[in-house]
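Report on the following structure.
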Amino acid sequence: MWGIKDILLQLLFALSPFVIYNIHYRKLEINYSKRFILITCSFCLLVSMSFPSSTQEGFIFDSRYVIMFFGILFGGISTGLILLGEFIIYRLYIGGAATFDALIIQAFTFPLSILLCSLYHKIRNGHIITFVAGIGFSLIPFIELYINHPDYIIANLSFNILVIPVQNCLGIWLLVTLFNKSVQDKEFYLKHIQNEKVEAINQVAASLAHEVRNPLTTVLGFLKLIRSNSFNKEKTERFIDISIEEIHRTEQILSDYLSISKPLECIQQKIDLVSQLRTVVEVMTPYAIMNNVTLETESLASPILIFGNPSELKQLLVNFIKNAIEACMNVPCARVGISFRIHLQRVQLVIEDNGIGMDQEQLSRLGSIYYSTKSTGTGLGLTYSYQAIRSMNGTVSVQSEPRSGTSFTISLPLA
Ligand code: ADP
Ligand code: MG
């Protein structure tokens with residue numbers, strides 16, 4: 001039983017780079033560095049050599065080969081050389097009858113580690129390499145000690161034939177496999193974050209292009225009319241005035257979008273929903289007028305404070321209001337209404353329209369990425385908005401009836 005206890009203790013030491021990695025990098029948006037590997041491996045080597053498996057007659061067995069192999073594999077040869085230096089100094093300091101043997105063994109195991117690590121990166125089945133490493137790191141000390149101290153080997157045969165190989169094979173296999181798995185998960189997570197950022201930028205760019213295209217088309221039409229010279233001076237001046245107005249509007253749209261789509265920072269602050277909504281309604285009013293839609297907002301004097309990111313909040317309000325306007329732009333007496341309700345420490349913002357509405361199938365697909373029923377739609381507005389609302393601990397519910405209208409209720413906790 002002493003063997004199992006020793007193996008478990010040495011495995012615990014050997015697995016500490018994996019454990020420390022998972023604790024240290026859990027919330028960081030970066031992956032491991034060579035410096036991290038060097039620091040954790042140096043620490044593990046010291047601990048493992050300080051509390052070895054067996055110290056009979058100066059013969060010390062620990063997880064040194066496991067840790068050095070791992071250090072070279074993930075930290076490179078430079079990390080391996082520093083660990084080798086640390087090992088030699090500490091082993092000389094500990095001393096004992098087998099000090100010289102330990103150094104001779106390292107002269108063989110260290111180059112073997114470098115060779116196996118370079119093979120590990122080249123071949124597909126890494127498990128074979130970890131197994132070969134475990135056996136190699138047990139066989140080399142066995143042969144060396146058998147040549148120089150046969151009495152010791154014969155007296156501790158089961159320890160050298162069973163405990164050491166199991167400890168080395170299991171240690172290397174577990175550490176390398178578990179660490180690799182964590183690193184891959186982290187890479188996947190980092191890629192996912194990157195994609196989300198790109199998506200948010202795409203969404204803003206796509207809706208911006210959509211907004212700017214309308215005034216540009218108007219100006220282009222008027223310029224063509226002016227060049228045809230078939231209108232009197234008064235009419236031509238009117239065309240120029242409208243064109244100038246449209247260009248101003250484009251400028252306004254661009255600056256509003258710039259303020260809305262400032263880089264998404266991870267800031268959560270107290271914001272007044274009423275004043276943010278007022279700004280967004282001002283931005284969206286020309287769009288509503290152009291589409292013959294009446295935009296009505298409940299006027300509130302007192303602020304409603306919530307926690308969130310102001311630019312994300314503005315962006316999501318734009319998305320909902322724009323959708324509502326687009327839903328009713330072809331119906332008679334088109335109207336979009338925005339109202340508030342305070343209920344159980346939450347504010348409920350209701351955005352309703354009397355537009356085309358949605359059937360059950362459309363409702364079930366709402367918020368899915370790229371889902372759009374519009375010829376110029378991106379299908380990203382609601383995906384982004386739902387995500388932003390979730391990040392503010394909010395919820396969205398929707399009621400809709402085909403041909404009679406839709407009502408979105410956004411519920412957010414009060415600050
Ligand atoms: P996009 O506006 O680019 O199409 P969104 O994600 O903003 O993308 O909306 C996705 C789809 O949800 C729209 O294409 C539309 O079919 C539907 N939708 C969203 N809001 C409304 C609404 N108020 N009334 C009717 N349909 C809506
Ligand atoms: Mg939209």
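One-based numbering, in listed order, for ligands and for the atoms of each. This is a predicted model, so every value here is computed, not measured.
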* **Close aromatic pair by centroid cut-off 6.0 Å: F18 and F179** =>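 Between F18 and F179, the centre distance exceeds or equals 6.0 Å.
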
* How about N323: does one of its N, O or S atoms come closer than 2.8 Å to the Mg ion (ligand 2)? ->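 For N323, the answer is yes, given that an N, O or S atom comes within less than 2.8 Å of the Mg ion (ligand 2).
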
Short N/O distance, under 3.5 Å, between [X] and ligand 1?
| X | answer |
| --- | --- |
| T383 | no |
| T406 | yes |
| L382 | yes |

List every atom of ligand 1 that sits less than 4.0 Å from any heavy atom of [X], numbering the atoms from 1 in the order shown and giving each element.
| X | answer |
| --- | --- |
| Y371 | 10 (C), 11 (C) |
| G381 | 5 (P), 6 (O), 7 (O) |
| L366 | 12 (O), 17 (C) |

* Are side-chain N/O atoms of S50 and Y90 paired as donor and acceptor at under 3.5 Å? ->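 Yes, because at least one side-chain N or O of S50 sits under 3.5 Å from a partner of the opposite role on Y90.
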
* Please determine which of V66, L170, V166 meets the side chain to side chain contact (heavy atoms under 4.5 Å, CB included) test together with L11. =>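 Of V66, L170, V166, side chain to side chain contact (heavy atoms under 4.5 Å, CB included) with L11 is met by L170 alone.
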
* May I ask you to decide if S63's main-chain N or O and Q10's side chain share a donor-acceptor pair within less than 3.5 Å? =>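 It does hold such a pair.
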
* Asked: Can you name the closest pair of heavy atoms from P413 and N393 and give their distance?
  ->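 Closest heavy-atom pair between P413 and N393: CD-O, 3.5 Å.
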
* Over all atoms of both residues, closest heavy-atom pair of F61 and L145 ->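 Smallest interatomic distance, heavy atoms only, reads CZ-CD1, 4.0 Å.
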
* Give the single entry among S368, S407, A327, G405 that approaches atom 24 (N) of ligand 1 most closely by any heavy atom. =>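 Answer by nearest heavy atom: A327.
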
* Asked: Between the candidates I351, T373, N323, which shows the shortest non-hydrogen contact distance to atom 15 (C) of ligand 1?
  ->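 Nearest option to atom 15 (C) of ligand 1, by heavy atoms: T373.
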
* How does F408 reach ligand 1, if at all, at less than 4.0 Å between non-hydrogen atoms: by side chain, backbone, both, or neither? ->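 The part of F408 near ligand 1 is the side chain, not the backbone.
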
* To do: Measure D353 to ligand 1 on non-hydrogen atoms and call it side chain, backbone, both or neither using the 4.0 Å cut-off.
  =>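 Answer for D353: side chain.
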
* Asked: CZ of F51: more than 12 outside heavy atoms within 6.0 angstrom?
  ->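 Result for CZ/F51: open.
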
* After noting the C-alpha distance and the side-chain angles of K374 and N323, does the key distance pass the side-chain hydrogen bond (donor to acceptor under 3.5 Å, both in side chains) rule? -> CA-CA 10 Å; K374 300 165 195 166; N323 279 346; 2.9 Å; yes

